[in-house]
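Below, read A as the first sequence line, B as the second, and so on, with proteins coming before strands; counting in each chain starts at 1.
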Amino acid sequence: MTVPLPVDLARPVHEVAPELLGCELVHVKGGRRTAGRIVEVEAYGGQARDDCSHAHRYKTARNRTMYGPPGRLYIYFTYGMHYCSNVVAHAAGEAGAILLRALEPTAGLDLMARRRGVADPRLLCAGPARLVKAMGFGRTDDGRRLDAGHLHLVAGPAPRRIVTGPRVGVKGHDAGRPWRFCDADSGYLSRPVG
DNA sequence: CGAACGATGTTCT
DNA sequence: GAACATCGTTCGG
């Protein structure tokens, strides 16, 4: 069973990123469903376009998913203990991915709370590594298709207002670019914007 | 509150 | 050998 993607991901990553806001990410694992509405993302380009991106230089064992077909999950390990998740998106012949930084939990909050070890709904998915843990993702989910019955995106109400700002925790010449996109009215962001 | 810091190991130089 | 798209805790004002 396949589920159509609600957004055309085969386009420049900076155009796609704000359109992911409002979409719901659904993951069914072990017969249990968790889901959340995307409220905060960051766009990461490829090659010379973005020197903050994992794909800035060339293809490696870690970033190869960013060079693959759009519509897959790109998951990487960082800081010795955390995973972060992205949606692969780029125009033909490019590389790129959209980092998922925060979700508003919509389903399976009890399971998320157990995975995370906290109960406050506002803290379950407020951060890229937090939402990975809450959704039950791991290293082996890198490269998975996002149009499957057990892992897919659902169209949702677009944000009333979108706020942009510099991406969190990056250095480089492109660090100041406003490629972080947030639902301005969400109470589930990883941190204040602007 | 906010700033500082340690955890912990993979990836890249 | 340094850097790291982070998080939770601790410390200071």
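- Of the two residues near DNA chain B, A:T78 and A:Y58, the one whose nearest nucleotide lies more 5' is A:T78.
- Both A:F181 and A:V7 sit in one connected hydrophobic cluster of ILVMFWY residues. Membership requires side-chain heavy atoms under 4.5 Å apart, directly or through other members.
- Figure legend: A:R139 and A:Y83 shown without cation-pi pairing, the cationic atom not lying both under 6.0 angstrom from the six-membered ring centre and within 45 degrees of its axis.
- Interface limits on DNA chain C: the 5'-most and 3'-most nucleotides within less than 4.0 Å of chain A heavy atoms are C:dC4 to C:dG8.
- The cluster map of Ile, Leu, Val, Met, Phe, Trp and Tyr, joined by side-chain heavy atoms under 4.5 Å apart, puts A:V170 and A:V163 in different clusters.
- Note: A:Y74 and A:H54 have perpendicular aromatic rings, judged against thresholds of 30 and 60 degrees for the angle between ring planes.
- If you check residues 79-104 of chain A against DNA chain B, the residues with a heavy atom closer than 4.0 Å are A:Y79, A:G80, A:M81, listed by number.
- Protein atom CZ of A:R57 is 17 Å distant from nucleotide atom P of B:dT11, rounded to whole Å.
- Comparing A:R116 and A:C52, the nucleotide of DNA chain C nearest to each residue sits closer to the 5' end for A:C52.
- When all heavy atoms of A:T60 and A:N63 are compared, the pair lying nearest together is N-OD1, 2.7 Å.
- Rounded to an integer number of Å, the gap from CZ of A:R64 to C1' of B:dC12 is 17 Å.
- Following rounding to the nearest Å, A:R191 (CZ) and B:dA3 (P) show an atom-to-atom distance of 11 Å.
- For the OP1/OP2 pair of B:dG9 and a distance below 4.0 Å, the side-chain nitrogens and oxygens of A:Y76 include no atom meeting the criterion.
- Here the straight-line distance linking atom NZ of A:K133 with atom OG of A:S85 works out to 14.5 Å at 0.5 Å rounding.
- With respect to A:R145 and A:D147, a salt bridge is recorded, a charged nitrogen being found less than 4.0 Å from a carboxylate O.
- Where DNA chain B pairs in unbroken runs of 3 or more (Watson-Crick or G-U, both distances under 3.5 Å), the stems are B:1-7 with C:6-12, B:9-12 with C:1-4.
- At the heavy-atom level, A:R167 lies nowhere under 4.0 Å from the strands shown.
- When only modelled atom types and interatomic distance are considered, A:T106 and A:R37 share no side-chain donor-acceptor pair under 3.5 Å.
- A 6.0 Å sphere centred on CZ of A:R49 holds no more than 12 heavy atoms belonging to other residues, nucleotides or ligands.
- Smallest separation of non-hydrogen atoms from A:C84 and A:T78: SG-CG2, 4.3 Å.
- With A:I38 as reference, A:L103 is the one residue of A:L103, A:I98, A:V87 to meet the side chain to side chain contact (heavy atoms under 4.5 Å, CB included) rule.
- Residue A:R139 has a polar side-chain atom (N or O) positioned under 4.0 Å from OP1 or OP2 of B:dT11.
- One finds a side-chain N or O of A:T60 lying less than 4.0 angstrom from the OP1 or OP2 phosphate oxygen of B:dC12.
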